[in-house]
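Remember, it's 1-based here, ligands and their atoms both numbered in the order they're listed.
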Amino acid sequence: MPDLRRDPIVGRWVIISTERNARPKDFIPVLPARPLAAALCPFCPGQERLTPKEIMAYRPQPLEPNGPNWTIRVVPNKFPALQVEGDLDRQGFGLYDRMNGIGAHEVIIETPNHTDSLADMPTKLIEDVLWAYRDRMIDLKKDPRFRYILIFKNHGEAAGASLEHAHSQLIALPILPIYVVEELEGAKQYYIYKERCVFCDIIRQELDTGTRVVAENEDFLTLAPYAPRFPFETWILPKRHESAFENSSSHMFENLARALKNLLGRADRVLDNPPYNLVIHTSPVQDPTNDHYHWHIEFMPKLTKTAGFEWGTGFYINPTPPEEAAKFLREANVEENAPVTVG
Ligand SMILES: [Zn+2]
Ligand SMILES: [Zn+2]
Ligand SMILES: [Zn+2]
């Protein structure tokens, strides 16, 4: 069982994978990794036996689980960072805190087609992926051991994807991760001071100035944040206050699928199909409805390397001003959703 350990200075939790127990030689690359042929891909239809037994799947008709004919399939990660069975068992050793590495680690296989990418899928199928995220979050929230559920996507090898077949991941955690704590606390402080949600205020101001707006539809605003860490970092926010992703009303899933497809299409056009990471930041499990936190998607194309200065400081050097990044993305020629006019 993995170990969860808390840094006593900053309060950051880490997962120490005692089982994998990688030795020095395990970190020395042997051969450059080559993409797996569809015939060997564990995420392709017909090869369901290569994954752990499915947790959930969307099939056009009710069919036997673990067979083909699915459109989306959710399976436990074969190499989970955390283990779902067991009790939390919090312990202290002198000044150190630890607990068992309890958590869920799931893979959402977004399409049966080996070569499709999320950006190229029809909006309706992207919407189904978002529904699958929601269904899994709602199910895992029933487990009282979990405090936070993170959905994320690594696209492309440089962004950490080990398999080419389009997929995203979900990790349910028994702790609140430090980046989320920083956002929650910052948003709470702002709320205490102003009695307004900082994200709602950002949305109002960005719509007003327009220089960092990438796109917008009825329910969502896509923008380059004022102080992005990475070039072309982009956020998608629901325009009306909503603290938890999974509580969004049903019509929003269609518009979120449109916003997401639109952003990925623009990024592919401007940056030539970049590798990227995408995360959904939502409220903690125990506090799903509040006035200060506003769920959102953060999209981070992998264009630069994080090096000594950033690791040493948490202080990022971004070579692309967000106003420029927004302009490039806004002016990219994508079919659906013509770019918004801004003044
Ligand atoms: Zn495949
Ligand atoms: Zn808000
Ligand atoms: Zn965030």
Side-chain angles (χ1 to χ4, degrees), residues 34-51 68 70-73 75 78 107-118 120-121 148-153 155 157 161-168 176-207 219-230 233-245 247-249 252 277-284 287-300 314 316:
R34 257 185 292 142
L36 208 57
L40 301 167
C41 173
F43 295 168
C44 270
Q47 278 151 190
E48 288 78 8
R49 67 186 186 286
L50 298 178
T51 64
W70 44 272
T71 54
I72 290 176
R73 194 163 178 258
V75 298
K78 203 170 181 177
V107 177
I108 298 109
I109 307 168
E110 296 159 4
T111 164
N113 301 320
H114 187 76
T115 50
D116 277 4
S117 79
L118 195 60
D120 305 325
M121 282 160 53
Y148 199 78
I149 301 171
L150 182 79
I151 304 263
F152 63 100
K153 179 172 168 68
H155 172 82
E157 210 190 325
S162 51
L163 287 168
E164 183 187 24
H165 195 126
H167 66 284
S168 11
L176 288 180
I178 197 158
Y179 286 175
V180 172
V181 169
E182 284 176 357
E183 280 192 6
L184 285 166
E185 285 181 355
K188 189 122 193 207
Q189 284 306 317
Y190 187 93
Y191 191 84
I192 289 170
Y193 183 53
K194 306 215 185 195
E195 295 188 50
R196 299 192 305 266
C197 162
V198 61
F199 295 94
C200 287
D201 274 6
I202 289 173
I203 291 165
R204 263 191 291 271
Q205 183 165 334
E206 293 297 341
L207 279 171
D219 288 320
F220 289 92
L221 175 65
T222 305
L223 58 80
Y226 177 71
R229 291 155 295 177
F230 310 107
E233 176 177 343
T234 311
W235 298 355
I236 301 176
L237 302 117
K239 283 186 185 170
R240 276 168 293 276
H241 185 80
E242 181 64 71
S243 44
F245 166 81
N247 294 345
S248 303
S249 44
M252 291 178 74
N277 300 107
L278 187 149
V279 305
I280 300 181
H281 272 163
T282 185
S283 287
D287 185 22
T289 314
N290 59 67
D291 291 329
H292 58 273
Y293 194 73
H294 192 122
W295 79 264
H296 55 275
I297 289 180
E298 294 184 16
F299 168 78
M300 295 159 280
Y316 291 83

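Between the side chain of His165 and the main chain of Thr111, a donor-acceptor pair closer than 3.5 Å is present. Listed for the His281 side chain is no donor-acceptor partner under 3.5 Å among the backbone atoms of Val279. At least one donor-acceptor pair under 3.5 Å links the side chain of Glu110 to the backbone N or O of Ser168. Between the side chain of His294 and the backbone N or O of Pro238 there is at least one donor-acceptor pair closer than 3.5 Å.
Take a cut-off of 2.8 Å around the Zn ion (ligand 1): the protein N, O or S atoms inside it are Cys41 SG, Cys44 SG, His114 ND1, His165 ND1. Near-neighbour remark for the Zn ion (ligand 3): protein N, O or S atoms under 2.8 Å are Glu183 OE1, Glu183 OE2, His281 ND1, His296 NE2, Glu298 OE2; waters not counted.
When every heavy atom of His241 is checked against every heavy atom of Tyr293, the shortest pair comes out as CE1-O, 3.3 Å. Smallest separation of non-hydrogen atoms from His155 and Ser117: CE1-CB, 4.2 Å.
Nearest to the Zn ion (ligand 2), among the N, O or S atoms that His241 has, is ND1.
The Zn ion (ligand 2) lies at the vertex of an angle of 110° between the ND1 atom of His294 and the SG atom of Cys200 (rounded to 10°).
Using the six-membered ring where Trp is involved, Phe199 and Trp235 have ring planes that are tilted, between 30° and 60° apart.
The line from CG of Leu237 to CD1 of Ile203 is 4.5 Å long, rounded to the nearest 0.5 Å.
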| message | For a salt bridge (charged side-chain N to carboxylate O under 4.0 Å, His left out) check, start with the C-alpha distance between Glu48 and Arg73, then their side-chain angles and the critical distance, and finish with the verdict. | response | CA-CA 10 Å; Glu48 288 78 8; Arg73 194 163 178 258; 5.1 Å; no

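By the 4.5 Å heavy-atom criterion applied to side chains, Arg240 and Met252 are not counted as neighbours.
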